[in-house]
2 protein chains.
Amino acid sequence: MSKSKRLLDLMMTVNRKRKFKVQELADEFGVSKRTILRDLQELSELGVPLYSEVGPHGGYQVLNERILPPIAFTEEEAVAIFFACHALRHYSYLPFEAESSSALSKFYYYMSGDIRDRIDQMKNRVDFVTPRRQNEFPYLSILLDGALNQKVILIDYGSREGAACRKIQPVGIYASNGLWYCPAYCFLRQDYRVFRCDRIHSAVYDNSGTEPLDLREVHLENRELFQQEEQGGARLRLQAELTQAGVQQCEAELWLASKLHIRDNGSGWLEGEVPRYDLPFLAQFFIGLGKGATVKHPQELIDEMKRRLTELLSRY
Amino acid sequence: MSKSKRLLDLMMTVNRKRKFKVQELADEFGVSKRTILRDLQELSELGVPLYSEVGPHGGYQVLNERILPPIAFTEEEAVAIFFACHALRHYSYLPFEAESSSALSKFYYYMSGDIRDRIDQMKNRVDFVTPRRQNEFPYLSILLDGALNQKVILIDYGSREGAACRKIQPVGIYASNGLWYCPAYCFLRQDYRVFRCDRIHSAVYDNSGTEPLDLREVHLENRELFQQEEQGGARLRLQAELTQAGVQQCEAELWLASKLHIRDNGSGWLEGEVPRYDLPFLAQFFIGLGKGATVKHPQELIDEMKRRLTELLSRY
DNA sequence: AGAGTTTATGACAATTGTTGTCACCATTAT
DNA sequence: ATAATGGTGACAACAATTGTCATAAACTCT
């Protein structure tokens, strides 16, 4: 590897591991300590703010925190980053305390003129829309902190039937369709549940001494694996036939993903288990699909749909 | 001046003056043409996308890469940028040709260790979910280009009733709920229409000589102002009462934003004009709202809903 | 105090890289 | 045709880089 390339690499490496020893880099780059020392001095001369301390626990450090080295983004990349940040503006609540708009304006400000022009042009022509809700999500930060640092949290949770205090340990948070959700281990139910964050009316760290679980291996993507098996009898087998239009609508529903099957011609069917307490919701959902779906099973669901249809009809 | 320093300088210089001749740089850096040629080749190998043309008026050009000057992001900002880009991974089709993931990995790679740790921790704990659709959107780029550069485009548009060729001039594109839409001026209808991009089965630039309109002032945010007044009789006055639950569902619907009114207690109502041809869609939509909505007006809509409800009931 | 760790610097020789020059080619606009 | 421009190869003079070794200094921990 040529020296020039090594210097560039070194620059990145050094910026990555803010603290390091000469020997470490020497091994990493396959050159002698002496060479690395000389390289580091050269980096210093090129403006990287290095600082060193001798002795055990000493080593090199990059000062001047969080200055990113010159990054070469392609125009496309810069534009993509811009629009990704731009899309966040639809969220009035974010788990990060800082305004994402400040990052955006910095980014914009530093970009050279013609990329700026290009972004200006595109700004009003490309958008990632998220429904703007009026709901409030004041506790995102504390929930996220709980997830990151394995903390138990007490929340006041107002589901439709009334408010209740719950002791939970968050797994993470996610936004979907303009609403924030928090999958968490619920100490009351002794299983994982998803909480809608706008229904959380207060959240404080638990100090009753409940031992946090070790959820470091449980996260958003894999949490379903850790779900307890539901008690027998509480679940129903769902089966429904879908037209093409029905399939399209169901594809948008995350909770259906595992149950949806699609045929080559675009039509499909739903098959899987659902908890009994979801019946009211499911009934309304399938009514909303209209002719797109025909429920085959369970009979209870069909009955509930009929009841609701009749009720609606009688209203007009 | 050492070679390494010269290379870094050259990188900047080359990025500043996007077009240049070898002799020019040779003079500037006080070295021979041969050396500059060798340096340029090395820059190429380091990833700077250089392109050259021989002959008079030829010379070197930097294609699309830029060096951003060192930017100081706060930790929060860096994290926000990262997650914004991260969220784009849910989109399998983007109007930008480059993978946003390449930008992401660069950004990630250059970030100093502790921010990196923080991001690693958060990566599995925060997400912005977008429904993953199977639909294909191969023509986003051409539509966007049409919007940016005022071009007329011919598309094959397959609505439910069958495919048809349309001549349009795009205003922009936007993603909502996992689907891409393209508001555009339709030369057939002589008005603005929104097209669903996955129903566009082909798209080519029009070469029949149709004069493009000047839509530079028309963009995603303000396009509704430019809508033609519909011919009398084709529009209907819509009025519906909403419960709290109904309001929540309607908030997620963009096209309702201008018609939705909310009371202090969380309930609300819908009021506004809708085109008559939307009746079937509206009927299904209000049925989907169930008890959340009570349609007051127009009678035609109520009739259509009754008809559909009866039909559904008869199915079970 | 002493052992151990770490950065810092200098000297030197072997090796490796860099540079300019020159000759020549290919392409292209005028 | 001519001139401008990039592209390549060879080569020798020169310069830089590198590893090794020796030595020093600062610091920590026992």
Side-chain angles (χ1 to χ4, degrees), chain A residues 1-65 67 69-70 72 74, chain B residues 1-67 112-114:
Chain A
M1 182 158 59
S2 77
K3 189 193 173 192
S4 320
K5 179 142 176 29
R6 196 181 59 230
L7 277 181
L8 281 172
D9 270 15
L10 207 57
M11 212 175 196
M12 305 188 217
T13 307
V14 143
N15 266 288
R16 203 179 61 229
K17 33 167 48 148
R18 302 262 294 282
K19 197 152 191 223
F20 53 90
K21 305 228 194 308
V22 175
Q23 186 64 58
E24 212 175 300
L25 294 185
D27 293 345
E28 202 162 311
F29 283 87
V31 295
S32 69
K33 277 172 57 178
R34 188 68 183 88
T35 304
I36 292 290
L37 275 168
R38 284 191 273 239
D39 285 353
L40 287 175
Q41 180 162 355
E42 201 157 339
L43 280 194
S44 260
E45 281 159 16
L46 287 173
V48 181
L50 293 171
Y51 165 80
S52 65
E53 268 179 358
V54 295
H57 309 308
Y60 262 91
Q61 284 188 55
V62 186
L63 290 184
N64 227 346
E65 325 219 303
I67 295 274
T74 67
Chain B
M1 182 158 56
S2 78
K3 190 194 172 191
S4 316
K5 177 138 178 39
R6 193 180 62 230
L7 275 182
L8 280 172
D9 272 14
L10 204 57
M11 216 174 196
M12 309 282 189
T13 308
V14 143
N15 268 288
R16 204 180 57 235
K17 34 165 52 152
R18 308 257 283 170
K19 203 158 187 223
F20 53 90
K21 307 223 193 311
V22 176
Q23 187 63 59
E24 213 175 298
L25 294 185
D27 295 346
E28 202 164 309
F29 283 85
V31 293
S32 69
K33 274 173 59 177
R34 188 68 183 87
T35 303
I36 291 290
L37 273 169
R38 282 192 274 237
D39 285 354
L40 287 176
Q41 179 162 355
E42 200 156 338
L43 281 193
S44 262
E45 281 159 16
L46 287 173
V48 181
L50 294 170
Y51 166 79
S52 63
E53 268 179 357
V54 296
H57 308 307
Y60 262 92
Q61 267 177 277
V62 186
L63 289 186
N64 48 19
E65 195 131 344
R66 288 319 177 71
I67 301 287
S112 54
D114 53 346

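No experiment lies behind these values; they were computed from the predicted model shown. So you know, we letter chains A, B, ... as the sequences are listed, proteins then strands, and number each from 1.
Applying the 4.0 Å criterion to OP1 and OP2 of D:dG6, one finds that B:Ser52 has every side-chain N and O outside that range.
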* To do: For the pair B:Leu8 and A:Leu8, evaluate side-chain contact (heavy atoms from CB on, under 4.5 Å) and give the outcome as yes or no after the intermediate values.
  => CA-CA 9 Å; B:Leu8 280 172; A:Leu8 281 172; 3.7 Å; yes

* Verify side-chain contact (heavy atoms from CB on, under 4.5 Å) between B:Asp39 and B:Phe29, making sure each step is shown before the conclusion. => CA-CA 11 Å; B:Asp39 285 354; B:Phe29 283 85; over 6 Å; no

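Across the protein-nucleic acid pair, B:Glu53 atom CD and D:dG7 atom P stand 11 Å apart, rounded to whole Å. Taking atom CD of residue A:Gln41 and atom C1' of nucleotide D:dT18, one finds them 15 Å apart after rounding to whole Å. In this entry the distance linking OH of B:Tyr51 with C1' of D:dT5 reads 13 Å, nearest Å. Regarding B:Leu50, its CG atom lies at a distance of 16 Å from the C1' atom of D:dT5, rounded to whole Å. Spacing between atom CD of B:Gln61 and atom C1' of D:dG6 amounts to 13 Å, rounded to whole angstrom units. Rounding to whole angstrom units, CE of residue B:Met1 and P of D:dA15 are separated by 16 Å. Residue B:Glu24 contributes atom CD, which lies 15 Å from atom P of D:dA4 at whole-angstrom precision.
Side-chain contact between A:Lys3 and B:Lys3: absent, with no pair of heavy atoms (C-beta onward) separated by less than 4.5 Å.
One finds the CD atom of A:Glu42 at 10.0 Å from the CG atom of A:Leu10 (value rounded to the nearest 0.5 Å). Here the OG-CZ distance, from B:Ser4 to A:Arg6, works out to 8.5 Å after rounding to the nearest 0.5 Å. Atom OG of B:Ser52 and atom CD of B:Gln41 lie 10.5 Å apart (nearest 0.5 Å). How far CG of B:Leu43 is from CE of B:Met11: 6.0 Å, rounded to the nearest 0.5 Å. To the nearest 0.5 Å, the span separating NZ on B:Lys19 from CD on B:Glu24 amounts to 10.5 Å. To the nearest 0.5 Å, atom OG1 of residue B:Thr35 and atom CG of residue B:Leu25 are 12.0 Å apart.
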* Footprint string (nucleotides 9-14 of chain D, 5' to 3'): B base within contact, S backbone only, - free, heavy atoms under 4.0 Å -> B-----

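Judged by closest nucleotide on DNA chain C, A:Tyr60 is the one of B:Ser32 and A:Tyr60 placed further toward the 5' end. If you find the closest nucleotide of DNA chain D to B:Ser4 and to B:Gly59, the one lying nearer the 5' end belongs to B:Gly59. Of the two residues contacting DNA chain D, namely B:His57 and A:Val31, the nearest-nucleotide position lying further toward the 5' end is that of B:His57.
Here chain A contacts DNA chain C (any atom closer than 4.0 Å to a heavy atom, that is under 4.0 Å), and the contacts span C:dG4 to C:dG10 from 5' to 3'.
Distances from the side chain of B:Val22 to the nucleotides D:dT18, D:dG6, D:dG7 place D:dG6 closest.
Under the salt bridge (Lys or Arg N to Asp or Glu O under 4.0 Å) criterion, B:Lys21 pairs with no residue at all, not counting sequence neighbours. With sequence neighbours excluded, the residues satisfying salt bridge (Lys or Arg N to Asp or Glu O under 4.0 Å) with A:Asp9 are A:Lys5.
Where the helix from C:dA1-D:dT30 to C:dT30-D:dA1 starts and where it ends, the local axes point in directions that differ by 50°; five pairs per end, rounded to 10°.
Within 4.0 Å of B:Lys21, counting heavy atoms only, lie sugar-phosphate atoms of the nucleic acid but no base atom.
Counting only residues at least two apart or on different chains, the side-chain hydrogen bond (donor to acceptor under 3.5 Å, both in side chains) pairs with a member in residues 53-63 of chain B are B:Tyr51-B:Glu53.
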